[in-house]
Amino acid sequence: MNAVVFDMDGLMFDTERLCIKIWDYAGEKMGIGKAGYMVYKTLGIRADEAVKLMHAELGDYDDKKFNMLCREYRKAYFAVNTVPVKKGLYELLEYLKCHSFKTAVASSTDRNGVLFNLKSAEIENYFDVVVSGEMVEKSKPDPEIYLEACRLLGENPEECFALEDSKNGIISAYNAGCKTVMIPDLWQGDSETDKMLFAKYNDLLFFKKYLESGSKWEKIINLI
């Protein structure tokens, strides 16, 4: 195994819970009610696909005003906070760097959003490749984004771990041929996707411990 490909929202950063607060704020300000619950229905997909699902659920509303209110909340939040980092991220990235693993981000978020978060957490220099939502034609669960990340890393998917938290992301990574590891966040998984997993850990530190164990990359049967 030569590389690790990271999802971003919900995997590296606790931004999905933040997004719930942002969408609740924007929805209430617009009079359409709290919209944060839609985060659960749009996990892992690109913004344009998420908008389609939101309109199907919430009806017709002003996208520009909704986005403006979201930016308003985000600006206020990041004026006093950095991006919320998930447990074990820094330790795992340092381990991978010290042991010469190649690393990539494969996120459905647009490039500006990805780079903002990486810079906020001061980890942009830990990644060799960044593949963002607008760089591929098809959103997760299509495997395109993971195939592109592996291509840019110069590695076969079978020789890459993929770290994911969402159903769409797991299906994407699995169908690309990566060894898929789930670190649950808002969604805890199901019997369908559990069959696709190489392993399932409570947090990123558990995955680091697995790498440290000197394993021969055999599938973890008993999920943690």
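In this structure, Leu205 is not a member of the same hydrophobic cluster as Met12, with clusters built from ILVMFWY side-chain heavy atoms closer than 4.5 Å. When the side chains of ILVMFWY residues are joined at heavy-atom separations under 4.5 Å, either directly or via intervening members, Met135 and Val105 end up in two distinct hydrophobic clusters. A continuous path of Ile, Leu, Val, Met, Phe, Trp and Tyr side chains, each step under 4.5 Å between heavy atoms, connects Phe198 with Met1, placing both in one hydrophobic cluster. In the hydrophobic clustering of this structure, Leu92 does not group with Leu153; members are Ile, Leu, Val, Met, Phe, Trp, Tyr whose side-chain heavy atoms approach within less than 4.5 Å, directly or through other members. Residues Val5 and Tyr201 are members of separate hydrophobic clusters, defined by side-chain heavy-atom contacts under 4.5 angstrom among Ile, Leu, Val, Met, Phe, Trp and Tyr.
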**Report entry** Intermediate values then yes/no, ring-ring contact (aromatic ring centres under 6.0 Å, His included), Phe207 and Phe161
**Finding:** CA-CA 10 Å; Phe207 179 61; Phe161 286 110; 5.2 Å; yes
Report task. Any chance you could lay out the side-chain contact (heavy atoms from CB on, under 4.5 Å) test for Leu186 and Ile20, step after step, and finish with the verdict? Result -> CA-CA 11 Å; Leu186 295 181; Ile20 290 173; 4.0 Å; yes
Report task. Evaluate side-chain contact (heavy atoms from CB on, under 4.5 Å) for Asp63 paired with Val51, printing each intermediate quantity in order. Result -> CA-CA 8 Å; Asp63 289 333; Val51 168; 4.0 Å; yes
Requested in this report: Go through Asn67 and Arg71 one step at a time and tell me if the side-chain contact (heavy atoms from CB on, under 4.5 Å) criterion holds.
Outcome: CA-CA 6 Å; Asn67 291 335; Arg71 289 193 297 271; 3.7 Å; yes
Query raised in the report: Between Thr109 and Asp9, is a side-chain hydrogen bond (donor to acceptor under 3.5 Å, both in side chains) present by the stated rule, with each step listed?
Result: CA-CA 8 Å; Thr109 298; Asp9 294 302; 2.6 Å; yes
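Residues Tyr73 and Cys70 form no side-chain contact, since every pair of their non-hydrogen atoms from C-beta on lies 4.5 Å or further apart. Using a 4.5 Å cut-off on side-chain heavy atoms (C-beta onward), Glu16 and Asp165 make contact. Considering only heavy atoms from C-beta on, Ile123 comes within 4.5 Å of Phe13 through its side chain. With contacts defined as side-chain heavy-atom distances shorter than 4.5 Å, the pair Leu211/His99 does not qualify.
Look at Glu164 and Lys140 and you find a salt bridge, because one of the NZ, NE, NH1 or NH2 atoms lies within 4.0 Å of a carboxylate O, short of that distance. Ion pairing between Lys86 and Asp203 fails under the 4.0 Å rule for side-chain N and carboxylate O. Contact check on Lys102 versus Glu155 returns a salt bridge, with a Lys/Arg side-chain nitrogen under 4.0 Å from an Asp/Glu carboxylate oxygen. In this structure, Lys21 does not pair ionically with Asp24, as no charged nitrogen and carboxylate oxygen lie closer than 4.0 Å.
Rounding to the nearest 0.5 Å places CD1 of Ile183 at 12.5 Å from OG of Ser166. With values rounded to the nearest 0.5 angstrom, Arg17 atom CZ is found 4.5 Å from Asp14 atom CG. Taken from CG in Asn202 to NZ in Lys87, the straight-line distance is 8.5 Å, to the nearest 0.5 Å. Remark: Met68 CE to Met30 CE distance equals 8.5 Å, nearest 0.5 Å. Here the OG-CG distance, from Ser172 to Leu147, works out to 7.5 Å after rounding to the nearest 0.5 Å. In this structure, Arg151 CZ and Asn156 CG are separated by 13.5 Å, a value rounded to the nearest 0.5 Å.
Ser132 and Asp110 are not linked by any side-chain donor-acceptor pair at a separation below 3.5 angstrom, with hydrogens and angles left out of the test.
Ring-plane geometry between Phe127 and Phe6 is classed as perpendicular, the angle between the planes exceeding 60 degrees on a 0 to 90 degree scale with a lower cut at 30. Aromatic ring pairs are classed by plane angle as parallel below 30°, tilted from 30° to 60° and perpendicular above 60°; the pair Phe116 and Phe78 is perpendicular.
Under a cut-off of 6.0 angstrom, the local environment of CD in Glu137 is sparse, with at most 12 non-hydrogen atoms contributed by other residues, nucleotides or ligands.
For Tyr174 and Tyr146, the ring centers are positioned 6.0 Å apart or more.
Remark: Lys167 engages Asp190, Glu192 in a side-chain hydrogen bond (donor to acceptor under 3.5 Å, both in side chains) (not counting sequence neighbours).
Among pairs with a residue in residues 113-129, those fulfilling side chain to side chain donor-acceptor pair (under 3.5 Å) read Glu94-Tyr126, at least two apart in sequence or across chains. Residue pairs meeting the side chain to side chain donor-acceptor pair (under 3.5 Å) criterion with at least one member in residues 31-40, sequence neighbours excluded, are Tyr37-Glu57.
The only member of Val181, Leu93, Leu11, Val85 that meets side chain to side chain contact (heavy atoms under 4.5 Å, CB included) when paired with Leu204 is Leu11.
Without hydrogens or angle criteria, Glu28 side chain to Gly33 main chain gives no donor-acceptor distance under 3.5 Å.
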